[in-house]
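We're numbering straight along the sequence, starting at 1. The figures that follow rest on heavy atoms only: side chains count, while hydrogens, waters and symmetry mates do not. Bear in mind the structure is a predicted one, so any value in this text is a computation, not a measurement.
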Amino acid sequence: MTRVKFYNNQQLSGIEENINEFLKKEVVKELIDIKLTVLSKNGIDEYTSMIIYEENMKLGAEDPQIYE
């Protein structure tokens, strides 16, 4: 199942750390895409990342979309 994860941080290094730690998790079967945006307001930057990934379905787990 395709999933999305968001992270916000005022430091680019913080976003990098969030993404790297997330990608180490077993829940990520396949990375589809990563988007990064920055909003600068009054001299303060805020970074937002969106990770699109394929979820690693464990054996025996049911896909909730089957019944929709």
Side-chain angles (χ1 to χ4, degrees):
M1 178 182 305
T2 303
R3 299 281 188 177
V4 176
K5 180 73 176 175
F6 291 95
Y7 288 105
N8 292 317
N9 202 309
Q10 289 185 345
Q11 300 293 323
L12 184 57
S13 60
I15 286 287
E16 290 173 352
E17 186 177 317
N18 293 142
I19 292 170
N20 289 330
E21 288 300 314
F22 179 75
L23 293 176
K24 290 179 185 176
K25 295 181 179 182
E26 289 183 25
V27 72
V28 179
K29 177 180 178 183
E30 179 182 347
L31 177 64
I32 296 172
D33 200 0
I34 297 178
K35 304 288 186 187
L36 180 67
T37 61
V38 61
L39 173 65
S40 185
K41 187 174 182 180
N42 299 327
I44 299 173
D45 295 336
E46 182 170 355
Y47 298 91
T48 302
S49 67
M50 178 177 71
I51 305 170
I52 305 169
Y53 65 99
E54 189 70 26
E55 183 178 34
N56 188 11
M57 298 292 289
K58 296 186 189 296
L59 293 176
E62 293 183 19
D63 186 348
Q65 291 183 345
I66 291 174
Y67 303 104
E68 291 182 1

Worksheet item: Tell me, which pairs form a side-chain hydrogen bond (donor to acceptor under 3.5 Å, both in side chains) where one or both residues lie in residues 27-41, sequence neighbours left out?
Response: D33-K35, S40-D45

Worksheet item: So which pairs with a foot in residues 6-24 pass salt bridge (charged side-chain N to carboxylate O under 4.0 Å, His left out), sequence neighbours left out?
Response: E21-K24

Worksheet item: Which residues satisfy the side chain to side chain donor-acceptor pair (under 3.5 Å) test with E55, sequence neighbours excluded?
Response: R3

Worksheet item: Going from CD on E46 to CG on N8, what distance comes out if it is rounded to the nearest 0.5 angstrom?
Response: 5.0 Å

Discussion item. Please report the interatomic distance NZ(K5) to CG(N18), rounded to the nearest 0.5 Å.
Written reply: 9.0 Å

Discussion item. My understanding is that a hydrophobic cluster links ILVMFWY residues whose side chain heavy atoms are under 4.5 Å apart, including indirect links. Using that, what else belongs to the cluster containing I51?
Written reply: Y7, L12, I15, I19, F22, L23, V27, V28, L31, I34, L36, V38, Y47, Y53

Worksheet item: Quick check: are there more than 12 heavy atoms from other residues, nucleotides or ligands sitting under 6.0 Å from CD of Q11?
Response: no

Discussion item. Checking N9 now: which residues fulfil side chain to side chain donor-acceptor pair (under 3.5 Å) with it, not counting sequence neighbours?
Written reply: none

